[in-house]
Amino acid sequence: SLPSMAENERKYFAKLIQEVIKEQKAYEGINASAISKNITPDITLDLDKNIWTLAYLKGNQGNWLMEYGLKGEDVINYKWSKLITINFFSKNRFNTNVQSHYTSFVAKLKNQADTTNRALSVKEIRKTDSEIYFEWSIIGRNECEIVRIFTTDKGLYFAHYAQKTQNFTQEQRVQALKILQSVKQK
């Protein structure tokens, strides 16, 4: 339908189509190389495979990082709207204390907020000795996350659900918590 449009509309849509094609090619090229074939994470995760796709998996059996993005989005180049990340730290190689991991992570977030002269919002949702859920955002950064840190007999898992909005709606929060609760060690 481009030929039937006014010249300025034709130019706009032709440029938009080229950007989409370029982005898809970049994502396809990076996606294949971003998935390590040598790692088999020992977890289960309840995700709708029609919506989410594995975009990144690197590390080794003692420490790995995997990321899921919405199909068609470029996770590797930070062009995502929602992201699920799971990081594993082996009990044999790393400190697997939930509280110390939480404290260290929040300190890094505080440093990021201070460096950009923004305020950090952290809300604990649920906390036990072996698990903590919390929500955070840096005001004005347009990204918020819900994080679940938990330990098992094998080590510590750091799972988080991020989205590019300032705050979660109640419906989004429920969806994120449901996905994070589904992360289980096999």
Side-chain angles (χ1 to χ4, degrees), residues 12-13 15-27 30-31 34 45-48 51-59 63-89 94-95 97-128 131-150 156-183:
Y12 170 78
F13 284 109
K15 182 181 176 187
L16 184 62
I17 290 168
Q18 290 304 314
E19 288 176 15
V20 168
I21 291 169
K22 181 180 174 184
E23 190 171 308
Q24 286 175 337
K25 285 181 180 177
Y27 180 71
I30 293 173
N31 190 30
L45 173 63
D46 186 19
L47 289 179
D48 184 340
I51 297 172
W52 297 94
T53 187
L54 180 62
Y56 185 87
L57 174 60
K58 291 288 183 184
N63 179 7
W64 49 260
L65 173 73
M66 69 188 320
E67 292 185 315
Y68 286 87
L70 296 176
K71 285 194 170 188
E73 292 188 345
D74 185 356
V75 170
I76 304 301
N77 293 305
Y78 201 67
K79 295 179 181 174
W80 50 266
S81 59
K82 294 180 182 178
L83 179 71
I84 297 166
T85 304
I86 304 166
N87 201 178
F88 172 71
F89 303 95
F94 300 94
N95 176 3
N97 178 289
V98 170
Q99 184 60 47
S100 66
H101 200 78
Y102 167 79
T103 302
S104 173
F105 183 74
V106 170
K108 289 175 188 172
L109 292 173
K110 177 84 171 103
N111 187 39
Q112 284 179 26
D114 290 347
T115 301
T116 58
N117 294 318
R118 295 184 174 168
L120 172 67
S121 171
V122 177
K123 301 173 194 164
E124 285 188 15
I125 298 169
R126 183 172 48 231
K127 182 178 177 180
T128 68
E131 180 176 62
I132 186 167
Y133 286 83
F134 64 99
E135 183 176 331
W136 71 268
S137 66
I138 295 175
I139 309 306
R141 187 170 153 190
N142 201 36
E143 181 180 332
C144 57
E145 295 189 12
I146 296 179
V147 179
R148 176 183 178 212
I149 304 171
F150 66 100
L156 182 132
Y157 292 86
F158 182 85
H160 64 99
Y161 183 107
Q163 67 181 35
K164 288 188 179 175
T165 57
Q166 187 59 57
N167 296 299
F168 288 99
T169 65
Q170 186 57 31
E171 182 180 320
Q172 292 166 332
R173 188 174 289 110
V174 167
Q175 177 190 22
L177 287 168
K178 181 180 176 186
I179 289 172
L180 292 175
Q181 288 171 345
S182 78
V183 178

*Could you state the interatomic distance from CG (L156) to CG (N87), rounded to the nearest 0.5 Å?*
8.5 Å
*Supply the atom-to-atom distance N167 CG to K123 NZ, rounded to the nearest 0.5 angstrom.*
6.0 Å
*All salt bridge (Lys or Arg N to Asp or Glu O under 4.0 Å) counterparts of E135, not counting sequence neighbours*: R173
*For Y161, does its backbone N or O pair with a side-chain atom of K82 as donor and acceptor, under 3.5 Å?*
no
*Looking only at side chains, do E131 and T128 share a donor and an acceptor under 3.5 Å apart?*
no
_Where L57 and M66 come nearest, the two heavy atoms and their spacing_ = CD1-CB, 3.7 Å
*asked:* I'd like to check the ring-ring contact (aromatic ring centres under 6.0 Å, His included) partners of H160; sequence neighbours left out, ordered by chain and number.
replied: F158
_How close do Y56 and L54 get, counting heavy atoms only, and between which atoms?_
O-CD1, 3.5 Å
*Inspect the surroundings of CG in D46 and state if more than 12 heavy atoms from other residues, nucleotides or ligands are less than 6.0 Å away.*
no
*Compare every heavy atom of Q166 with every heavy atom of I139, then report the nearest pair and how far apart it is.*
CA-NE2, 3.5 Å
*Of the non-hydrogen atoms in I86 and A159, which two are nearest, and what is the gap between them?*
CG1-CB, 4.1 Å
*Report the distance from atom NE2 of H101 to atom CZ of F150, rounding to the nearest 0.5 Å.*
11.5 Å
*About how many Å separate CD1 of I84 and CG of L45, when rounded to the nearest 0.5 Å?*
6.0 Å
_Can you see whether T165 engages Q163 through a side-chain donor-acceptor pair at a distance of less than 3.5 angstrom?_
yes
*Please tell me if the side chains of I149 and F134 come closer than 4.5 Å, counting only heavy atoms from C-beta onward.*
yes
*Would a 4.5 Å heavy-atom cut-off, applied to side chains only, mark F105 and V122 as touching?*
no
*From I179 CD1 over to Y68 OH, what is the distance, rounded to the nearest 0.5 angstrom?*
11.5 Å
*Taking salt bridge (Lys or Arg N to Asp or Glu O under 4.0 Å) as the test, write out the residues that go with E143, two or more places apart.*
R141
_Spacing of CD belonging to Q181 relative to CZ belonging to R126, to within rounding of 0.5 Å_ = 5.0 Å
*Mark yes or no for whether T115, through its side chain, and N111, through its backbone, hold a donor-acceptor pair below 3.5 Å.*
yes
*Under 4.5 Å between any side-chain heavy atoms of K127 and Y102, yes or no?*
no
*Got a sec: does the NZ of K164 have more than 12 other heavy atoms crowding it under 6.0 Å?*
yes
*Got L65 and K58 here, is their nearest side-chain heavy-atom distance under 4.5 Å?*
no
*asked:* Quick check: closest heavy atoms across C144 and S137, and the distance to 0.1 Å?
replied: CB-CB, 3.9 Å
*Determine whether the side chains of Q99 and T103 contain a donor N or O and an acceptor N or O closer than 3.5 Å.*
yes
*Would you say the side chain of L120 lies within less than 4.5 Å of the side chain of W136, judging by non-hydrogen atoms?*
yes
